[in-house]
2 protein chains.
Amino acid sequence: MTPTILDHLLLVSELFQRDMARAFAGTTLTASRVRVLWLLQHRGPSTQRELAQELDVSARNVSGLVDALEASGHVLRSPHPTDRRATVVTLTDAAAEQMAAMQSDHAQLSVTLLDAVAPQDREPLERGIVAIAARLAELVEAAERAGAEAAR
Amino acid sequence: MTPTILDHLLLVSELFQRDMARAFAGTTLTASRVRVLWLLQHRGPSTQRELAQELDVSARNVSGLVDALEASGHVLRSPHPTDRRATVVTLTDAAAEQMAAMQSDHAQLSVTLLDAVAPQDREPLERGIVAIAARLAELVEAAERAGAEAAR
DNA sequence: TATTGTTATACTCTATAACTATA
DNA sequence: TATAGTTATAGAGTATAACAATA
């Protein structure tokens, strides 16, 4: 069987993940921890509850990830100014710089990849991928709703 | 910032993985175990060493995955006919059927997704994705070679 | 000697449940 | 009562290292 569009899409994601893993090997960073840093860079200082919601993981999981990132000097925990139950997580300067560099690498990679596509194919490619992502999002959401319904 | 092509690609893969996880929730199957089954369906009966090589994971990891799949009735272990060190892993009939159904769902999904793309965009889309996957594969391979070189 | 798969050990991600402090 | 985060516990994926059986 010839690979389908979906197969090519999944291949891209597999390659990307493999490269991430390689890039972080030998450091204390992992894909999950980087997702936390990435989110903090985009949102700014956040409570652990906010991180858990955005990442769609449990509060317990966030505790562990923040523990590790705090130990490695990537984030700081500080008390919330008004809610004494809550903890605010902030990127350290070094981590903020690192994330800025990562973001710029990411943008550069996107350019490099697009550069491999014939110029006249670029616009339809972009439209096509956006359409596929939207359709897939609908399908997944419908499946999740159906699952939630069945569980009642 | 507007999302780049790469962001859209990664969104597709994230949605896909989320749907996989949802589909297997409540069963003993997981993404890793399904990868083993998928591979067995494509390769036919294989030794654990072959599985470890194809999946690019450790022998230990394969032992655990096969243990779980054997317990759940998805695979059988049998002695290798000529090499008494090796174990041959085979899909059970039920698992083979299940994988055939999954493969057909996968093909169907690919059609459904392509259906969301404007007809005149489909060919350039496909060409574009193939080009991106190829370029990314080059980049990742080069990075891996560079890393291996640096480690010497 | 080299290879196949297992046992031993350890780390990470993840979840639920019980609990503490606070709202 | 409800919420934020931690401790306790557990399952799964993954790795390396030591080991047994076999090649």
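Each chain gets a letter, A, B and so on, in the order the sequences are listed, and its residues count up from 1. Predicted, not measured: the structure shown is a model, and the values here were computed from it.
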With a 4.0 Å cut-off on N to O distance, would you call [X] and [Y] a salt bridge?
X       : Y       : answer
R122(B) : E126(B) : no
D83(A)  : R49(A)  : no
R22(B)  : E144(A) : no

If you look at every strand shown and take non-hydrogen atoms under 4.0 Å, does [X] touch a base, only sugar-phosphate, or nothing?
X      : result
T28(B) : nothing
T30(B) : sugar-phosphate
T87(A) : sugar-phosphate
R84(A) : sugar-phosphate
N61(B) : base

Tell me the interatomic distance from [X], atom [atom1], to [N], atom [atom2], rounded to whole angstroms.
X      : N       : atom1 : atom2 : result
F24(A) : dT12(C) : CZ    : P     : 15 Å
L51(A) : dT14(C) : CG    : C1'   : 16 Å
R60(A) : dG11(D) : CZ    : P     : 16 Å
L69(B) : dA12(D) : CG    : C1'   : 13 Å
R49(B) : dG5(C)  : CZ    : C1'   : 12 Å
Q17(A) : dC13(C) : CD    : P     : 14 Å

field: Side-chain H-bond candidate by donor/acceptor type, Q108(B) with S104(B), under 3.5 Å
entry: no
task: Please determine, by modelled atom types, if R43(A) and S46(A) share a side-chain donor-acceptor pair under 3.5 angstrom.
output: yes
task: Could you check Q48(B) against G64(A) and say which one's nearest nucleotide on DNA chain C is further toward the 5' end?
output: Q48(B)
message: Both S32(B) and R85(A) contact DNA chain D. Which one's nearest nucleotide lies toward the 5' end?
response: R85(A)
message: Given dA8(C), dA23(D), dG5(C), identify the nucleotide with an atom nearest to the side chain of D83(B).
response: dA23(D)
message: Does dC13(C) have its OP1 or OP2 closer than 4.0 Å to a side-chain nitrogen or oxygen of R33(A)?
response: yes
